[in-house]
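Reading through the structure tokens given below for one structure.
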Number of protein chains: 2
Amino acid sequence: MNKPHSTQPRTLHRLAASDRVAEALSLAIHEHRLSPGTKLGEDEIGEVYGVSRTIVRTALQSLAHIQLVEMHRNRGAFVAQPSQQEAREVFEARELLEPRTAHMAAARATAADIDTLRAHIAEEHAAMAAGDRGRALHLSGLFHIEIARIAGQTTIAGFVDELIARSSLIIALYWRRESALCESHAHHDLIEAIAGRDGPSAEDLMRSHLVDLHSALDLHRSAAPARSLKEALQKPGS
Amino acid sequence: MNKPHSTQPRTLHRLAASDRVAEALSLAIHEHRLSPGTKLGEDEIGEVYGVSRTIVRTALQSLAHIQLVEMHRNRGAFVAQPSQQEAREVFEARELLEPRTAHMAAARATAADIDTLRAHIAEEHAAMAAGDRGRALHLSGLFHIEIARIAGQTTIAGFVDELIARSSLIIALYWRRESALCESHAHHDLIEAIAGRDGPSAEDLMRSHLVDLHSALDLHRSAAPARSLKEALQKPGS
DNA sequence: GAACACAATATTGTATACAATCCATTGCCG
DNA sequence: CGGCAATGGATTGTATACAATATTGTGTTC
């Protein structure tokens, strides 16, 4: 499978092949083109991206580590299906971490950072206007990650990264149709607070934004998606 | 060691070979038998544990993800050497997460949990008395992880797990000899607060304990350990 | 016709072989 | 003698082959 050489000049640190595959899979999950529970066969993925199972396996393990996919021994990899309990924990963790990072971001953001954030929002609006809800959701997540990055806490930013990824799955599973996706407004206010160097406001805005998101999820009904068929098909009463 | 998670599959699977190797390496790092910067050759490790490079590679990738080892493309894996900046970030993250988990743990701990914690302390004392400083350090870390587990936040517990692991490296690199290792006292007080269901006290005790640890590190001197030989041997002035 | 046992198939787990890359030594030339 | 380039060895990156395991299909028995 020798791919023709691209026009790319020799870069000293070419991206590892497994990272490319992991990135592509991650994007597909974030944009809800892959649904929770979907089987991710190694041969199949390898064929798509023109790499061997070795690479695919590495990519899947990487995604499994951030809990975007679940790997079951001798059974394969599946797009993860966070339980309601896990969903609650993810949002509790976000509510603990992100308000603080927003505060720090307000203290450290440069003009260029603000521009980046505004560009994110613009892209998000454009995607939404184009009806590409998956892409809008993905960009919305990137917005949060960008804030953590601006805060200069790469460790916490890594955690936020993982939490955002899982949130995407959670939204795919538990989003209530009734509640509209009106985050753009919250994001806009957040940018203004950060641009205005108003740490406390940024912190409060982030907190309430996350609480809004959390409350727009349906984590109480017993309509939890089943982890296994056996679990799914059993009568609740019996 | 990691206890099996709540979502145990219906079949009791043998531990994967790569997990065994990763666990062994992790333990060696935690107990300071492997120093930061040590090269981890794949063939060498494979020979030690009687497995092929495939397994070793998986284990190393797993450890790289929690930043216990650094992998450099085409150069191999090394025990990670957190910079002073990274060290600060790790402890800032711990100071953000762990006091809260201590609070929650106080609210949820069962009698059995308290016993487990006391057993941890006893083992830690025993190891220290036996002069096994590495093992004592490891057990001290497990104590913190156990508290996060008791708090019932498996997601945050996972983060704490990673932070503890990195802390072990940080202590290996930046611990000031002058300051004595007097944590046992802090851990003891923490247990009492948790046993007494005193959440606020547990939170405060955890916070001050972490601040103590943090301040016992030497994160200001420019004696940062070099990441590479080249960097180490260059004259500072030139 | 239903339930079970067994065989066939497909998929994952692991080992090994080969290719690519880096590092060190060595030899050459200034 | 010092710096630079070519070359050899060692190590990692990737592909493939084989082994182990789960799942599915089929036949037999009651």
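Everything numeric in this text was worked out from a predicted model, so none of it was measured.
- Computed from coordinates, the B/Glu44 CD to D/dT12 C1' distance equals 14 Å when rounded to whole Å.
- Rounded to a whole Å, the CG atom of A/Asp43 is 11 Å from the P atom of D/dT16.
- Taking atom CD1 of residue B/Ile45 and atom P of nucleotide C/dT14, one finds them 17 Å apart after rounding to whole Å.
- Between A/His120 and A/Phe143, the two ring planes are perpendicular [angle over 60°; tilted spans 30° to 60°].
- The CZ-C1' distance, from B/Phe78 to C/dC22, rounds to 11 Å in whole Å.
- Partners of B/Glu123 by salt bridge (Lys or Arg N to Asp or Glu O under 4.0 Å), not counting sequence neighbours, listed by chain and number: B/Arg135.
- In this structure, A/Met71 places its CE atom 15 Å from C1' of D/dT21, rounding to the nearest Å.
- A straight line from CZ of B/Arg53 to P of D/dA10 spans 15 Å, rounded to a whole angstrom.
- The CD atom of B/Glu47 sits 16 Å away from the C1' atom of C/dT16 (whole-angstrom rounding).
- Side-chain contact annotation: B/Thr154 with A/Glu89, donor-acceptor N/O pair under 3.5 Å present.
- Side-chain proximity of A/Ala17 to D/dA15, D/dT14, C/dT14: nearest is D/dT14.
- When each of C/dT16, C/dC22, C/dT12 is scored by its nearest atom to the side-chain atoms of B/Asn74, the top-ranked nucleotide is C/dC22.
- Applying the 4.0 Å criterion to OP1 and OP2 of D/dT12, one finds that B/Lys39 has a side-chain N or O inside that range.
- Residues passing the side chain to side chain donor-acceptor pair (under 3.5 Å) test with A/Ser62, sequence neighbours excluded: none.
- Between the side chain of B/Arg176 and the main chain of B/Ser215, a donor-acceptor pair closer than 3.5 Å is present.
- One finds no side-chain N or O of B/Thr54 lying less than 4.0 angstrom from the OP1 or OP2 phosphate oxygen of C/dT14.
- The nearest whole Å value for the distance from the CD atom in B/Glu42 to the P atom in C/dT16 is 15 Å.
- Using a 4.0 Å cut-off between a side-chain N of Lys or Arg and a carboxylate O of Asp or Glu, B/Asp113 and B/Arg108 do not qualify as a salt bridge.
- With ring centers used as reference points, A/His144 lies under 6.0 Å from A/His187.
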Could you list, one pair per line, each protein nitrogen or oxygen that sits under 3.5 Å from a nitrogen or oxygen of nucleotides 23-25 of chain C, together with the distance?
{"unit_1": "C/dC23", "atom_1": "OP1", "unit_2": "B/Arg75", "atom_2": "NH1", "d": "2.8"}

